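Here's the structure, in structure tokens; my notes come after.
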Amino acid sequence: MVDVMIPGEAGKLHAVYHKAPGDAAPLAVILSGNPRAGFHMNDRISYALFRAYMDIGFSVLRFNYRGVGDSMGTLGTTADNMIDIAAVIDWIQNQNEDSDKIWLAGNHVGAWYVLQAMMRRPEVSGFTLVSPDYAVTDFSFLSPRPNRGLLLQGALEDDNAAAFRHHVTHLLKKQAQIILETIFIKNADAKYGSAAELKQLYNDVKAYVGRENAETKLL
């Protein structure tokens, strides 16, 4: 893993990058939650996602949005963060021109960013959502985009999170032809506060992404 600074609209974005052996390794970008809620690229969930993709052979990158940590600028809007996400995706693709697959993974509001980015990037092969922020209700950007992805949720999350999961699953299937597989993390709430919860999250992501990536190689 190395620290890199990626040019962005508001200045350089601080990222951590792992380059997998082999020029054609699949790629992954990790999108953290809302920094105003304390999320950043080094929080426990972002790091667990990063390691899961890294340990199954992906070149993977996590980063801080503008105004977070050592990323330049001031905290941005959703539109600002989407510009940063696009810059980061472009950067990792330019570093790995022989790779033809890229996955996105996001936690909290980062899960919503994953879906927005996927609508704009037809090359996205798959995705992982972790405990999406149920305060976000705008899904008007969805359009037909057949794909499959994973949704992880803490088994102890509240009723609002459960209702939101059903809502998102239905919307994705109806409006975007996207099928979600859901996995519940035992004894976890949305913070995934214990080592055991993070380990299960890590293992479940590895198993799902490894299986889906292997299946697409056969197509």
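No experiment lies behind these values; they were computed from the predicted model shown.
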Task: Main-chain N/O of N147 paired with Q177 side-chain donor or acceptor, under 3.5 Å - done: no
Open item on the list: Quiz question: by atom type and distance under 3.5 Å, do the side chains of N81 and Y113 form a donor-acceptor pair?
Closed with: yes
- [ ] Starting at CZ of R51, measure out to NE2 of H18 and round the result to the nearest 0.5 Å.
- [x] 8.5 Å
Task: Separation of I85 CD1 from R121 CZ (nearest 0.5 Å) - done: 10.5 Å
TODO: Say whether Y202 and V16 are linked into one hydrophobic cluster, either directly or through other cluster members, by side-chain heavy-atom distances under 4.5 angstrom.
DONE: no
Open item on the list: Please report the interatomic distance OG(S46) to CZ(F63), rounded to the nearest 0.5 Å.
Closed with: 10.0 Å
- [ ] Give a yes or no on whether L31 and W91 share a hydrophobic cluster (residues Ile, Leu, Val, Met, Phe, Trp, Tyr; joining criterion: side-chain heavy atoms under 4.5 Å apart).
- [x] yes
Task: G22 backbone acceptor or donor facing K19 side chain under 3.5 Å - done: yes
Open item on the list: Is there a path of hydrophobic side-chain contacts, each under 4.5 Å between heavy atoms of I/L/V/M/F/W/Y residues, joining V130 to F58?
Closed with: yes
Task: Atom pair CD (E157) and NZ (K191), whose distance is rounded to the nearest 0.5 Å - done: 11.5 Å
- [ ] Could you pull out the closest heavy-atom pair between F127 and M118, with the gap in Å?
- [x] CD2-SD, 3.5 Å
Open item on the list: Is it the case that the side chains of Y134 and D158 hold a donor-acceptor pair, with the cut-off being a distance below 3.5 Å and no angle test?
Closed with: yes
Open item on the list: Tell me whether D80 contacts the main-chain N or O of T77 through its side chain, where contact means a donor paired with an acceptor under 3.5 Å.
Closed with: yes
TODO: Measure the CD1-CG distance between I102 and N96 for me, rounded to the nearest 0.5 Å.
DONE: 9.0 Å
Task: Closest non-hydrogen atom pair between Y65 and S71, with its separation - done: O-CB, 3.3 Å
Task: D55 bridged to K206 by N-O distance under 4.0 Å - done: no
- [ ] For the residue pair S125 and D100, establish whether any side-chain heavy-atom pair is separated by less than 4.5 Å.
- [x] no
Open item on the list: Just so I know, are the side chains of V114 and L129 near enough to count as touching, which here means a heavy-atom distance under 4.5 Å?
Closed with: yes
Open item on the list: Under a plain distance cut-off of 3.5 Å, with no hydrogens placed, do Y53 and S59 share a side-chain donor-acceptor pair?
Closed with: no
Task: Nearest atoms (heavy-atom pairs only) where I89 meets V29 - done: CG1-CG2, 4.3 Å
Task: Any side-chain heavy-atom pair of L13 and M72 under 4.5 Å - done: no
- [ ] Look at the aromatic rings of F164 and F139 and report parallel, tilted or perpendicular, splitting at 30° and 60°.
- [x] tilted
TODO: Measure the shortest side-chain to side-chain distance between S194 and N187 over non-hydrogen atoms and say whether it is less than 4.5 angstrom.
DONE: no
Task: Q175 side chain to S143 side chain, donor-acceptor N/O pair below 3.5 angstrom - done: no
Open item on the list: Under a 3.5 Å distance rule, please check whether W112 uses its side chain to pair with a backbone N or O of D138 as donor and acceptor.
Closed with: yes
Task: Candidate list K173, R165, R148, R211, test salt bridge (charged side-chain N to carboxylate O under 4.0 Å, His left out), partner E181, passing option - done: R211
Task: Side-chain heavy-atom pair L180, L150 within 4.5 angstrom cut-off - done: no
Task: Y47 and N42, any side-chain heavy atoms less than 4.5 Å apart - done: no
Task: Heavy-atom check, side chain of L27 versus side chain of V60, under 4.5 Å - done: no
Task: Salt-bridge present (E9, R66; N to O < 4.0 Å) - done: yes
- [ ] Look up atom CD1 in I185 and atom OG in S131, then write down how far apart they are to the nearest 0.5 Å.
- [x] 8.5 Å
Task: Check: M41 main-chain N/O paired with N64 side-chain donor or acceptor under 3.5 Å - done: yes
Task: Non-hydrogen side-chain atoms of L201 and V205 separated by less than 4.5 Å - done: yes
Task: Heavy-atom pair with the smallest gap, counting every atom of G38 and H40 - done: O-CD2, 3.4 Å
TODO: Kindly give the heavy-atom pair with the smallest separation between I45 and A190, and that separation in Å.
DONE: CD1-O, 3.8 Å
Task: E212/W103 under side chain to side chain contact (heavy atoms under 4.5 Å, CB included): CA gap, chis, key distance, verdict - done: CA-CA 11 Å; E212 290 290 318; W103 285 61; 3.6 Å; yes
- [ ] State whether the side chain of N94 and the backbone N or O of D90 hold a donor-acceptor pair below 3.5 Å, judged by distance alone.
- [x] yes
Task: Pair K186 + D204, salt bridge at N-O below 4.0 Å - done: no
Open item on the list: Let me check something: do L198 and V209 share a hydrophobic cluster, defined by ILVMFWY side-chain heavy atoms less than 4.5 Å apart, either directly or through other members?
Closed with: yes
- [ ] Of all the heavy-atom pairs spanning A15 and I6, show the shortest one and how long it is.
- [x] CB-CD1, 3.9 Å
Open item on the list: If hydrophobic clusters are built from ILVMFWY residues whose side chains come within less than 4.5 Å, do I83 and L75 share one?
Closed with: no
